[in-house]
Q: 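What follows is a structure written as structure tokens; I'll ask about it next.
Counting starts at 1 for both ligands and their atoms, following the listed order. Not measured: the values here are computed from a predicted model. Computed over heavy atoms, backbone and side chain alike; hydrogens, waters and symmetry mates excluded.
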Amino acid sequence: MVKPLAAAPPSADAPIASQLRRELRGDVLFGEADRGRYASDASIYQIMPIGVVVPRDQDDLLLALEIARHHATPVLARGAGTSQCGQTVAAALVIDNSKWLNKVIAFDAHERTVTVEPGIVLDHLNAWLKPHGLWFPVDVSTGAQCTLGGMAGNNSCGSRSIEYGNMVHNVLAIDAVLADGTRGRFGRLDEMPTSGRLHDISQGLRRIALRERDEIIERTPKVLRRVAGYNIDIFDCQSPRAYTDDGMANLAQILVGSEGTLAYSRQMTLALTSIPAHKVLGVVNFPTFYQAMDTAQHIVKLAPTAVELVDRTMIELSMDNPAFRPVIESALIGRPEAILLVEFAGEDREAQLTKLAQLAELMGDLKLPGSVVQMPGAAEQRALWEVRKAGLNIMMSMKGDGKPVSFIEDCAVPLEHLAEYTARLTEVFHRHGTEGTWYAHASVGTLHVRPILDMRRGGAKDMREIAEAAAALVHKYKGAYSGEHGDGLCRGEWVAWQYGARLNAAFAEIKDLFDPDNRFNPDKIVRPPKMDERSNFRFAPGYRELPLLPMLDWSAWNVKRNPLTGEESAPGSGGDRTGGLAKAVEMCNNNGHCRKFDAGTMCPSYRITRDERHLTRGRANTLRLAISGQLGRDGLASREVKDALELCVSCKGCKRDCPTGIDMARIKIEAQAAWRARHGLRLRDRLVAYLPRYAPYAAKVGRALALAERIPLLSGWAKQALGFAPQRALPRFSSAFLATAAAMKPARNDGKEVLLFVDTFNNYLEPENALAAQQVLEAAGYQVRFNALPGRRPLCCGRTYLAAGMVEQAKAEARRCLDALMPFVNRGVPVVGLEPSCLLSLRDEFLGYGYGEEAEQLSRSAYLFEEFLVEEKNHGRFALNLKPLPANKVLLHGHCHQKAFDAVRPVQAVLQWIPRLELSVIESSCCGMAGSFGYEAEHYEASLAMAELTLLPALRRADKDAIVVADGTSCRHQIHDGTAIDALHVARVLALSLKGGSPAELHGKRSHDHD
Ligand SMILES: Cc1cc2nc3c(=O)[nH]c(=O)nc-3n(C[C@H](O)[C@H](O)[C@H](O)COP(=O)(O)OP(=O)(O)OC[C@H]3O[C@@H](n4cnc5c(N)ncnc54)[C@H](O)[C@@H]3O)c2cc1C
Ligand code: SF4
Ligand code: SF4
């Protein structure tokens, strides 16, 4: 087993930790799990930091740096931690800028400059700039989460670098702090101080640059994409694109790409560009990959803003996805082996269209006439760029221990050698029994490729051999070994190889000039360790999962994969002694996508806290460390795991949005079960878990309960005693819908039979929804059956048990469902449900209980009400006579599980059947209620904060007569608590439209209305 974190010095009560806690206002995190969450970036490495600080503001930052200096402690600056080479891990005090140091400090629209703090996220900055018609054009793929500090640290490069250059071409000045505490502004040489430390540094740099001039000219690769070592060529630019307009050296540019080894950036001044008014896209189809690579050199002569490669594997991955298939098909001519996405952008649309025509002409000249699909429309372009991104994500979701590993991911070669380089490198992969999927910024010769390696076994050896072969090719073609992602631990040792011993020594001199005590991000760029130093690996020698018997079936993850053919072994054959649970957790490769704030659900708890602990990635890292014994012997049942999952609302946002498909809601069930087995259940958990069991009795005494709720002292005391939030009204039970609905009995199948699965919530709390669904289905001509068992309690999905980690009880409920429903399923009767989380349990959770083919069959037959209607209507099986509603504006909030299963679109579709209806979908994450989460006293604030992110403000802004549709019981409750609006299930809206409902009916009674 790897050394437990606790053994890594210093401990949580080390003098530096105590002083930081005493003096800082921001977070000071020295606990084992906290340090563990900052021990990795998006590379294969893991190094435990000494501690973590999240400074509140600039003063806090300066204080933290000062205290670190006082204790002679190394320091590592961190943004989003999305680096691929290990430059964001170190045995140091990590300072995380991303939570609070993210402000715009100054903006000059006329000069087109902006000054920002280092923790600001690129997309957030660009959203801020958009109203001014400007943007910061270094458009890296991780723009939704990466920070400007990290981008500068890495000298990041975007897809459109051919037009706009890299970070080094776009940073004007950096206000920095040196390791000795000196503060100053690094900018143009002629504006640097004329005395003091900064003066000494600029003079020292100049001396080194002058002395090494010949060597710099000789050894520096003459390609745009070159990010290794230090930019000592600022005095004599070797980049094909000038660093400054007038040739004057800019000292900020030596800090760019220095990976936090020279100085700590506090603020950065950036050059901005106008947002181009028009973009057009040409998709060139190639019969061979080689031709695609070979043609890029000719295409760039047309001055495109981007030329991006998508290979056959990626095309096929995209074609597998029904949503993406039509988009990618629209870009294809026949069956190409590769396509190039060629973008032209500018102010004059006609000029862009002419460029498109020239592209088609050029391809004709190159003997590929008719190979270009022209896409002048913005919507079609956006859709295709989305598919390209998603294709990469699917590739990352590969199961098994062999993973695509990033270490030669961004070698850049001159365009005329691109085709040869890729062909030779593919041969190298094959010699090592592996394969790589290619995507590329073809315009600038940067090839992204990740061979599949198993870093727990022979991967380190293959990695070195492949790296050496790739380096030899790069050398042959006079390219750059490090063309985008930086040096870090992975490529540090290649700096000397790229630049030679003499310049490598000069780099060490530069480091010593800035940081003689080697305290800022030590061991990066100069004096680095070997790339294959396995003790630095995330899966270090001795890494092993603690044995564990999971409650759910994880065998789909417990597989082996042939790296060459991509073939997967049978489920359960992967040799994982946790049955596949560990492998499911280890899928997270730390790419940081879950830190995004744009559309999509993932991850609401991070969005409200901005804490790594409450982030999908932080959770996956905590679980990985716990499962492998690196947080002590308690493993999955540890306090650290419980704390990390505390605010996870099981929204399944990650199941859909995470590129590797991390399903934290499912993993949380295991963790809850492990915790419960060790610590037992609280009364509150039992009350929630057994709700379906006592609901019939509660319904009988509903009036008495409602009365008790109206006596504030009594209800307040009871809620407090049980741990429920006093602000929340308790559910008000009604008589059960199913008690009066027809009992379930087998019937002849005339092809129009449907089973309406009425869940506990709609049965006892909002029976009007079930009634509405019945009316709609009957109006559409269906015989409606129900999940009522004569003389016995109704069927239940068991979700409330899962929330408490009571997996055995949930399984028992699933068994009851299968026994009762299979006769219907077997004769082709669809099972239709109203509550997304309940119905989708039949589709998803039931598959994890080991019930095999029966569960699979039920899963395939289970539909949400609106999904069923859309499916049937598409087959022309009914027509509904829907009438206009008195209110024609409708706002739709999708339940998280609907979003996770792409089931919001059917709700949109059925609503659009209603004449004259104007529908808008609220771009919201989770509503925050999430079953019992929002009722729990300690989660009340977090629950409301999630709702306040976008959902409640959007509702408050809406037309007061608008109908609000929300299919989730919890969502409707949260909406009412936050805005006093009565949202409706879509079934009720359809039922009202059938009747031509009155406004009063639209805002009808809620079952738990608040007086
Ligand atoms: C899926 C994926 C796609 C990617 N695509 C691209 C791409 O298209 N182009 C590209 O260039 N990169 C890409 N990257 C790499 C990475 O996302 C970028 O380099 C990104 O800019 C890093 O930002 P960050 O905030 O995560 O930096 P971090 O990883 O947090 O930090 C990066 C470096 O900067 C240093 N640093 C951070 N803040 C400061 C500061 N205030 N002062 C001094 N030093 C500091 C850190 O110490 C570290 O050495 C990709 C990564 C992934 C996982
Ligand atoms: S949880 Fe998913 S999205 Fe987040 S870092 Fe891990 S792999 Fe990326
Ligand atoms: S289930 Fe939701 S809250 Fe939990 S980690 Fe995933 S996205 Fe975040």
Q: Is there any N or O on Q87 that sits under 3.5 Å from an N or O of ligand 1?
A: yes

Q: Where is the nearest protein heavy atom to atom 5 (S) of ligand 3: which residue, which atom, and how far?
A: R619 NH1, 3.1 Å

Q: Where does L76 meet ligand 1, judged by heavy-atom distances below 4.0 Å: at the side chain, the backbone, both, or neither?
A: side chain

Q: Please compare A77, G153, G260 and report which has the shortest non-hydrogen distance to atom 46 (C) of ligand 1.
A: A77

Q: Atoms of ligand 3 less than 4.0 Å from V649 heavy atoms?
A: 3 (S)

Q: Using 2.8 Å as a strict upper limit, say whether an N, O or S atom of C594 approaches atom 8 (Fe) of ligand 3 that closely.
A: no

Q: What do you reckon, does S141 have a nitrogen or oxygen under 3.5 Å from a nitrogen or oxygen of ligand 1?
A: yes

Q: Check for me whether the distance between the ring centres of F520 and F514 falls short of 6.0 Å.
A: no

Q: How far is atom 4 (Fe) of ligand 3 from its nearest protein heavy atom, and which residue and atom is that?
A: C648 SG, 2.3 Å

Q: With a 4.0 Å heavy-atom cut-off (strictly under), which part of Q84 contacts ligand 1: side chain, backbone, both or neither?
A: side chain

Q: Among all protein heavy atoms, pick out the one at the shortest distance from atom 2 (Fe) of ligand 3; state its residue, atom name and that distance to 0.1 Å.
A: C651 SG, 2.2 Å

Q: Would you mind finding which of S265, G149, G483 brings a heavy atom closest to atom 41 (N) of ligand 1?
A: S265

Q: Using side-chain heavy atoms (C-beta onward) and a distance below 4.5 Å, is L552 in contact with E670?
A: yes

Q: Within the 4.0 Å heavy-atom shell around P659, which atoms of ligand 2 are there?
A: 3 (S)

Q: Closer than 3.5 angstrom, by distance alone: can the side chain of R35 be matched with the main-chain N or O of P49 as a donor-acceptor pair?
A: yes

Q: Where does H485 meet ligand 1, judged by heavy-atom distances below 4.0 Å: at the side chain, the backbone, both, or neither?
A: side chain

Q: With heavy atoms under 4.0 Å as the rule, classify the contact between A80 and ligand 1 as side chain, backbone, both or neither.
A: both

Q: Record the part of N591 in heavy-atom contact with ligand 2 below 4.0 Å; permitted values are side chain, backbone, both and neither.
A: both

Q: Is there an N/O/S atom in C658 that lies less than 2.8 Å from atom 2 (Fe) of ligand 2?
A: yes

Q: With no hydrogens and no angle check, is any side-chain donor or acceptor of R241 less than 3.5 Å from a backbone partner on E163?
A: yes

Q: If I apply the N/O under 3.5 Å rule, does C157 come out as touching ligand 1?
A: yes

Q: Any N or O on Y264 sitting closer than 3.5 Å to an N or O of ligand 1?
A: no

Q: Distance check, rounded to the nearest 0.5 Å: M151 atom CE versus L125 atom CG?
A: 9.0 Å

Q: I'd like to check which ligand 3 atoms, numbered from 1 as shown, lie under 4.0 Å from a non-hydrogen atom of M664.
A: 5 (S), 6 (Fe)

Q: Would you find a donor on one side and an acceptor on the other, under 3.5 Å apart, between the side chain of S943 and the backbone of G928?
A: yes

Q: Among all protein heavy atoms, pick the one closest to atom 6 (Fe) of ligand 3 and tell me residue, atom and distance.
A: C654 SG, 2.3 Å

Q: At a non-hydrogen distance cut-off of under 4.0 Å, which region of S159 contacts ligand 1 (side chain, backbone, both, or neither)?
A: neither

Q: Find all atoms of ligand 3 within a distance of less than 4.0 Å from any non-hydrogen atom belonging to C603, and give their numbers and elements.
A: 3 (S), 5 (S), 7 (S), 8 (Fe)

Q: May I ask you to check whether H124 and F597 place their ring centres under 6.0 Å from each other?
A: yes

Q: Considering only heavy atoms of T616, which atoms of ligand 3 have at least one such atom less than 4.0 Å away?
A: 5 (S), 8 (Fe)

Q: Of all the atoms in ligand 2, which lie at a distance below 4.0 Å from a heavy atom belonging to N589?
A: 7 (S)

Q: Give, for atom CG of N521 and atom CZ of R78, the distance between the pair rounded to the nearest 0.5 Å.
A: 11.5 Å

Q: Answer yes or no: are there more than 12 heavy-atom neighbours, outside R610 itself, under 6.0 Å from its atom CZ?
A: yes

Q: Check the orientation of H939 and F933. Use parallel for under 30°, tilted for 30 to 60°, and perpendicular for over 60°.
A: parallel

Q: Where does N521 meet ligand 1, judged by heavy-atom distances below 4.0 Å: at the side chain, the backbone, both, or neither?
A: side chain

Q: Centroid separation under 6.0 Å, is that true for the rings of W494 and F407?
A: no

Q: Counting each atom of ligand 1 from 1 as listed, which ones have a heavy atom of M151 under 4.0 Å away?
A: 21 (O), 23 (O)

Q: Could you tell me whether a side-chain N or O of Q145 sits under 3.5 Å from a main-chain N or O of D123, the two making a donor and an acceptor?
A: no

Q: State the atoms of ligand 2, each with its element, that fall below the 4.0 Å cut-off from a heavy-atom position in T660.
A: 7 (S)

Q: Taking K103 for the side chain and G119 for the main chain, is one N or O donor matched with an acceptor at less than 3.5 Å?
A: no

Q: Could you name the option among A92, S161, C146 that has the heavy atom nearest to atom 20 (C) of ligand 1?
A: C146

Q: Heavy-atom contacts under 4.0 Å between S83 and ligand 1: side chain, backbone, both, or neither?
A: both

Q: Show me which atoms of ligand 2 lie under 4.0 Å from any heavy atom of G592.
A: 5 (S), 8 (Fe)

